[in-house]
Novice: 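Below is a structure I'd like to ask you about.
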Amino acid sequence: MIADRKPGFNTLAIHAGAQPDPATGARATPIYQTTSFVFDDVEHAAALFNLETFGNIYTRITNPTQAVLEERVAALEGGTAGLAVASGHASQMLVFHTLLEPGDEFVSARQLYGGSINQFTHSFKKCGWTVRFADTTDADSFRAALTPKTKAIFVESIANPGGIITDIAAVAAVAKEAGVPLIVDNTLATPYLIRPIEHGADIIVHSLTKFLGGHGNSIGGAIVDCGTFDWLKSGRYPTLSAPTASYHGITFAETFGNFAFAIACRVLSLRDLGPAISPFNAFLILTGIETLPLRMQRHCDNALAVATWLSRHPKVAWVNYAGLADNKYHALAKRYCPQGAGAVFTFGLKGGYEAGIALVSNVKLFSHLANIGDTRSLIIHPASTTHRQLTDEQRMRAGAGDEVVRLSIGLEDVDDIIADLDQALAAA
Amino acid sequence: MNHDVYSDAYIRDILTNHRTIAMVGASPNTSRPSYFAMKYLKAKGFCVIPVNPGQAGKEILGEKVYASLADIVEKVDIVDIFRGSEAAVAITREAIRIAAHVVWMQIGVRNDEAARLAEAAGLQVVMNRCPKIEYGRLSGELSWAGVNSRRLSSKRPLLGVKGVQHRVLASGRD
Ligand SMILES: Cc1ncc(COP(=O)(O)O)c(C=O)c1O
């Protein structure tokens, strides 16, 4: 018996999940732009609705274009299964909807994308879920925030916007002790830089909108089931470990084993809450992923050059990029993402709020907008935009003070990127 | 043989070279995993014979239930063990006695002693796997559910004759 060869990351980025189309032989993944799929016969229809067989019914739940994207992301992360949804936020909603009951709590890093802080603090409250925040740079703070009601721990691998690298293994140890799954938002790192599963993550979420899609053209999200959490043994997650009323009493963890979480997210939470990804977006994101390794390396190389240049600029007070040797998180970056510390980072302007506003107004190549992970270089002043709904204290703690500017470094010639910042800073 | 990993070719050969599966521990309860597996494998053209002493003489999915492997009249190729790991040695001894070709233990079922016995008698062994999942994984059907098949192929998946949402395995084809 010859063991199967394990394909490398570049190969997976291009091939995982995608065979030629069985009907036409099309080699690129077709866009199955259809709402629904005919059943082979009445029995086939019944078997599909009972989850007794695999197949497509309706694009809110599965779609063949989406399926290729799901398997691709799962393969790159090394998980057992994936689920693609309408946005990064939708992926978070579905993960917590599958894990939590009203009255439950979870502990989250407070260094998060501002939108996630809003989602957790305000919208989740309406579901009866309570978030307790901890400090992503201090694993003990997660332990201190645990209560008997804690059902999950959530961190970002590289935190947005602060450029902080989370010690995933240290937080994973706290999650293991507590007997709860660790959820890692791996959006800023992508599996090219960090594979959280190798450090103890149980569930991974992505905003595919960013580097995975990579071209700033499609919103999407993904959930990856790492297959590592034993739902039956825990018994604290009834959606997974108790008979499910809406599927004739099947128990997901029994029937679907180590990919039960991904299936439950799909056939319960996605089915009922509805944030499906469009097949067209799935196609565009898939195409983006094919070049992820090449793009991500260039993003990181450009980001390091720009951060180095900024750190020597007289108008710049500080640069927080973990790729810089004197950065607080450099040791963690070398351990978790030796190929690069990502392409999103912040820096502080000596001129404060006013200088931040002036800089974003003066750039000519950078685009002033609220996104990251585009081929294009992007700039934003978080205090006046993404983080403006937060309290001052929340903003400071999220790394979004008045003087802070966030960059997402693109794939242009690095000299042109630097020249644009140079002229804009001169005018600021 | 190393029973922690199986090559895709090993599993595919077992599933394409055999047709009759005796399922020990088959359940008439329609929400049990064994019921799901039996229904799926029947749809893929396998002849699945349920074995369950508590159900002997009754029918599951239209198939007569036997009390033991020894009672089965047909020639059994694969003995699929849907029982606890501790039951595997006794079932494997019976599988050897009826000259089955393969002892297959379900996900969560592993018994190295049973595997040694079976292999010494010339049987092939699969442990801690589900034939339904393996069939779906290798045919590409499981990929429709976003499952990581850990398999790359530049060949078209094979469509079954039953319908477009029906993929099949063929011997020697990825
Ligand atoms: C780290 C992180 N997580 C989640 C999200 C939310 O993703 P989406 O905008 O696709 O809903 C974002 C978006 O900026 C993000 O940066």
Side-chain angles (χ1 to χ4, degrees), chain A residues 1-4 6-7 11-12 15-23 25 27 37-41 43-44 47-48 50-56 62 64 66-71 73-75 77-84 224 243 247-251 254-259 262-263 266, chain B residues 1-11 13 29-44 106-108 124 128-130 132-133 135-137 139-167 174:
Chain A
M1 188 176 90
I2 305 157
D4 296 308
K6 257 186 110 172
T11 306
L12 290 175
H15 289 281
Q19 284 183 259
D21 183 52
R27 180 64 269 222
F37 303 83
V38 292
F39 305 116
D40 292 341
D41 51 44
E43 248 179 59
H44 176 237
L48 281 172
N50 285 344
L51 302 181
E52 290 163 351
T53 192
F54 316 109
N56 298 296
T62 61
Q66 169 192 345
V68 176
L69 173 60
E70 292 166 339
E71 186 171 357
V73 177
E77 288 286 11
T80 54
L83 174 62
V224 175
Y247 284 107
H248 307 298
I250 69 166
T251 298
E254 246 177 34
T255 304
F256 299 106
N258 67 358
F259 51 87
I263 300 286
R266 180 195 304 280
Chain B
M1 192 175 120
N2 176 6
H3 288 285
D4 296 326
V5 280
Y6 300 107
S7 74
D8 289 350
Y10 178 74
I11 300 286
D13 285 351
N29 179 338
T30 57
S31 60
R32 300 299 301 161
S34 63
Y35 185 89
F36 275 44
M38 181 171 169
K39 191 164 178 189
Y40 182 83
L41 292 168
K42 274 171 62 80
K44 292 300 170 202
Q106 277 295 325
I107 287 188
Q124 289 182 299
N128 193 25
R129 290 279 192 287
C130 172
K132 173 188 175 182
I133 289 177
Y135 197 103
R137 186 176 74 81
S139 67
E141 283 192 358
L142 200 49
S143 297
W144 287 329
V147 172
N148 183 3
S149 66
R150 300 182 198 272
R151 186 181 70 87
L152 304 183
S153 173
S154 58
K155 303 278 189 297
R156 280 190 303 131
L158 285 182
L159 292 179
V161 289
K162 279 192 184 167
V164 288
Q165 295 211 43
H166 188 70
R167 292 184 181 175
D174 282 337

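Throughout, a chain's letter reflects where its sequence line sits, starting with A, and its residues are numbered from 1.
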Novice: Would you mind checking which part of Asn258(A) comes under 4.5 Å of any heavy atom in chain B, side chain (CB onward), backbone (N, CA, C, O), both or neither?
Specialist: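 Looking at Asn258(A), nothing touches chain B.
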Novice: Please say which of Lys44(B), Arg167(B), Lys132(B) ends up in a salt bridge (Lys or Arg N to Asp or Glu O under 4.0 Å) with Glu141(B).
Specialist: Lys44(B)
Novice: Relative to the ring of His3(B), is the ring of Tyr6(B) parallel (under 30°), tilted (30 to 60°) or perpendicular (over 60°)?
Specialist: perpendicular
Novice: Considering only heavy atoms, which portion of Thr62(A) lies under 4.5 Å from any heavy atom of chain B: side chain, backbone, both, or neither?
Specialist: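 The side chain, not the backbone.
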Novice: Is the shortest side-chain heavy-atom distance between Thr255(A) and Tyr247(A) below 4.5 Å?
Specialist: no
Novice: Determine the minimum heavy-atom distance between Gly79(A) and Val224(A), stating which atoms define it.
Specialist: CA-CG1, 3.9 Å
Novice: Give, as side chain, backbone, both or neither, the part of Ile107(B) having an atom under 4.5 angstrom from any heavy atom of chain A.
Specialist: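 For Ile107(B), no heavy atom lies under 4.5 Å from chain A.
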Novice: Are Leu12(A) and Leu152(B) side-chain neighbours, meaning at least one heavy-atom pair lies under 4.5 Å?
Specialist: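 Of all side-chain heavy-atom pairs linking Leu152(B) with Leu12(A), at least one is under 4.5 Å.
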Novice: Under 4.5 Å, counting heavy-atom pairs only, tell me which of Pro64(A), Gly55(A), Pro22(A), Ala74(A) racks up the most with chain B.
Specialist: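 Most pairs with chain B among the choices: Pro22(A).
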Novice: Given heavy-atom pairs under 4.5 angstrom as the criterion, report whether the side chain, backbone, both or neither of Ala84(A) touches chain B.
Specialist: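 Contact with chain B is absent: no heavy atom of Ala84(A) under 4.5 Å.
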Novice: Tell me, out of Glu254(A), Glu70(A), Glu71(A), who's got the most heavy-atom pairs with chain B below 4.5 Å.
Specialist: Glu71(A)
Novice: For each of Thr80(A), Val68(A), Thr53(A), tally heavy-atom pairs with chain B at distances under 4.5 Å, and name the one with the top tally.
Specialist: Thr80(A)
Novice: Using non-hydrogen atoms only, which part of Val38(A) is less than 4.5 Å away from chain B: side chain, backbone, both, or neither?
Specialist: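 Backbone only.
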Novice: By a 4.5 Å heavy-atom criterion (distance strictly below it), what part of Ala16(A) contacts chain B: side chain, backbone, both, or neither?
Specialist: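 Backbone plus side chain of Ala16(A), per the 4.5 Å heavy-atom cut-off to chain B.
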Novice: Quick one: what part of His248(A) sits under 4.5 Å from any heavy atom of chain B, side chain, backbone, both or neither?
Specialist: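 Only the backbone of His248(A) comes within 4.5 Å of chain B.
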Novice: Going by an N to O cut-off under 4.0 Å, is there a salt bridge joining Arg27(A) and Asp21(A)?
Specialist: no
Novice: Answer with side chain, backbone, both or neither: which region of Ile263(A) has an atom nearer than 4.5 Å to a non-hydrogen atom of chain B?
Specialist: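 Contact with chain B is through the side chain of Ile263(A) alone.
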